[in-house]
Structure formats: structure tokens, C-alpha cells
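A quick write-up on the structure given underneath.
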Amino acid sequence: MTRSTIELPVTAADVRIARYAAAAIALSVAEAAIPLPLPGVKPGLGNIITLMVLARWGWREAAWVALLRVFAASLVLGQFLAPGFFLSLSGALISLAVLALAQHLPARWFGPVSHSVLAAFGHFAGQLLVARLWLVPHDGIFYLLPVFAFAAVLFGTVNGLVAAYLVRHAPSRPV
Amino acid sequence: MKLAWHEWRAGFRPGDALVVAGGLLVCVVSALSLWQGGVARWAEVRAGGKVVARLSLNQPADIAVDGPLGPTRVQVEPGRARVFSDPGPRQYCVLQGWLTRAGAVAICAPNEVSLRLLGDSPAYDTLNY
């Protein structure tokens, strides 16, 4: 057997991203088993990991983890390239854009809970936008906006508190 | 790992309360502005396809509209309206009782009279694409 001529050096950051992404994917898959009253409203437990990575390692690695989660979780769940995948992807992209701005808020006053709630709003805005433009071509979908907004506040706060807890207590190397 | 309340509270910073409050405000404002459309404000009465009366639901009213079979009586009370009596044979529009939501319609087909509630913004009665 000839030795491969392609060298793919694995950095410490790569290993870290892979580990965090694996944890996020596991949470997303576990969450898919929870019955939900309304399509589009879900806790988004995988985002806890994104927030944790953001707090510890910065936005770039958080973006890697979030996008790997969207792609891999949809593959595992058989949702890849289905409408749900595009909703997840647009939500993740918008919420990453929001986090890119939100991370510059003064850390003394704004922690993971703020990041989480703001990102949750970004997430549902992204989803709603794609849903409106593509899946539901009339404005009836905005009738559900208050429901989505409330879910964003509720789950955003809970996820943010969990992320804040993990940032302070979890070992820096994910198991 | 012991879960203590103060451990969780420690992750909550002052600005976070501001963000959560802002988020709740968005919920309330959007609910108030988007879910008002369902509140009926006007009752529109048609006979033979033409609008013969447009009554505010703020005050009680009682009108009679003439159709081919005879008079249909429409009654309005604050926030609701109904067809009180109709000369039609099956009385469907009367049996519908009080209408309260915008977009609700009671049609007395034999007498060609209809009662419809309207909100501030036009509601859809059908959608297709």
C-alpha cells in the first residue's frame, strides 16, 4: 500500500470543534424525540454547545460547531435537504450573524443568557423569513410570530442559563 | 454534581434581565398588533349582493332588511351580531346564533340576505395558490 501523499494536519482546534460538534449533534438528535406542539418551536438544545464554545473559544469555532451540527444532525435524522434542513440552516446563519455582534456586548453586563436569547430571536427570524419566502407564500405565517417570539425568550433563557452553568463548571476538555 | 439555585443565578448578569425583558416586550407588542385583526368592529348586511347597512358593533341596533321572501331581522349588540329572524325555510342563518369574530358570516340564502363581521383589516375568507 502506498502512503498517502496528502497530509491533513489535525490541530488542537480541529479536535476541539469535532468533540463539541459531536455533543451538539447528540443533543439535537435526542431533542428530535421530544414531541412538540407546533412545527418550528423546539428547545434547540444543540445551541447550548454553540454558546459554550462561543464563551470559551470565540465566534469562529462556535460557527464551525453550529454549522457542523446543522448538517450532521439533519443527515442523522434523514432531514438533509428537506424543508426542515433549510429552516435550520437559515436560522443558524442568522443567529450566528447575531452572535457575531452580540459577543461584543460588555461581558460584565451581558452573559450567555443574553447571547442565547438574541440568537434565539435571530434563529426564528431566519426560519420565518425562509418559511415566508418559500414554504408559506402568504402572510398568515406572521400570525404565529408572538408564539415563536415567546418560545425564543423561554428556550433562549433556559439554554443560556445551562450554557452559563457549563462554562463555569464543565471541564475544559469535553468528555 | 449538585445543582444549587445560586449556582444558576450566578450565570445571570444584569444586562441579561434587560434582554429577556426586551424579548417579552416583543412578544406582547407583536401579540397585540397581530392578534387584533380577529376582533370584529363592524357588521355588514347585504341584500341581493348589495351592502344595505354597515353597523358599528359598539352600540346595539336592530334592523330589518327586505328580501324576496320578506323581512330578515338583524340584531347587533356590543361586540356581536346575529340574524334574529328570517323567512327562509331552513333557518340556517338564525341557528348560527351570535357571530363574534371578524370574518364570520351568516348567510340566509333563500332570502338573499347575508350578515358579515369585519375587523379593522380585511380578513381572508379563502386562500389559494
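Residue numbers begin at 1 in each chain, while the letters A, B, ... track the order of the sequences. Scope of the values below: all heavy atoms of this structure, side chains included, with no hydrogens, waters or symmetry mates.
- Taking A:Pro146, A:Ala152, A:Ala164 one by one and counting their heavy-atom pairs under 4.5 Å with chain B, the maximum is reached by A:Pro146.
- More than 12 heavy-atom neighbours from other residues, nucleotides or ligands sit within 6.0 angstrom of CZ on A:Phe85.
- Of the listed residues (A:Ser116, A:Gly160, A:Ala149), the greatest number of heavy-atom pairs within a distance under 4.5 Å of chain B belongs to A:Ala149.
- Judged purely by atom type and a 3.5 angstrom limit, B:Asp86 uses its side chain to pair as donor or acceptor with the backbone of B:Gly88.
- Residue contact with chain B, scored on non-hydrogen atoms closer than 4.5 Å, is absent for A:Val167.
- The 12-atom threshold is not exceeded at CZ of A:Arg60, counting heavy atoms of other residues, nucleotides or ligands nearer than 6.0 Å.
- Side chain to side chain, B:Arg41 and B:Asn58 fail the donor-acceptor criterion of an N or O pair below 3.5 Å.
- Heavy atoms closer than 4.5 Å to chain B are found nowhere in A:Ala163, neither backbone nor side chain.
- In terms of heavy-atom pairs under 4.5 angstrom with chain B, the leader among A:Ser114, A:Gly156, A:Pro112, A:Pro106 is A:Ser114.
- Both the backbone and the side chain of A:Phe110 come within less than 4.5 Å of a heavy atom of chain B.
- Judged by a 6.0 Å distance limit and a 45° cone about the ring axis, B:Arg13 is not positioned over the six-membered ring of A:Trp109.
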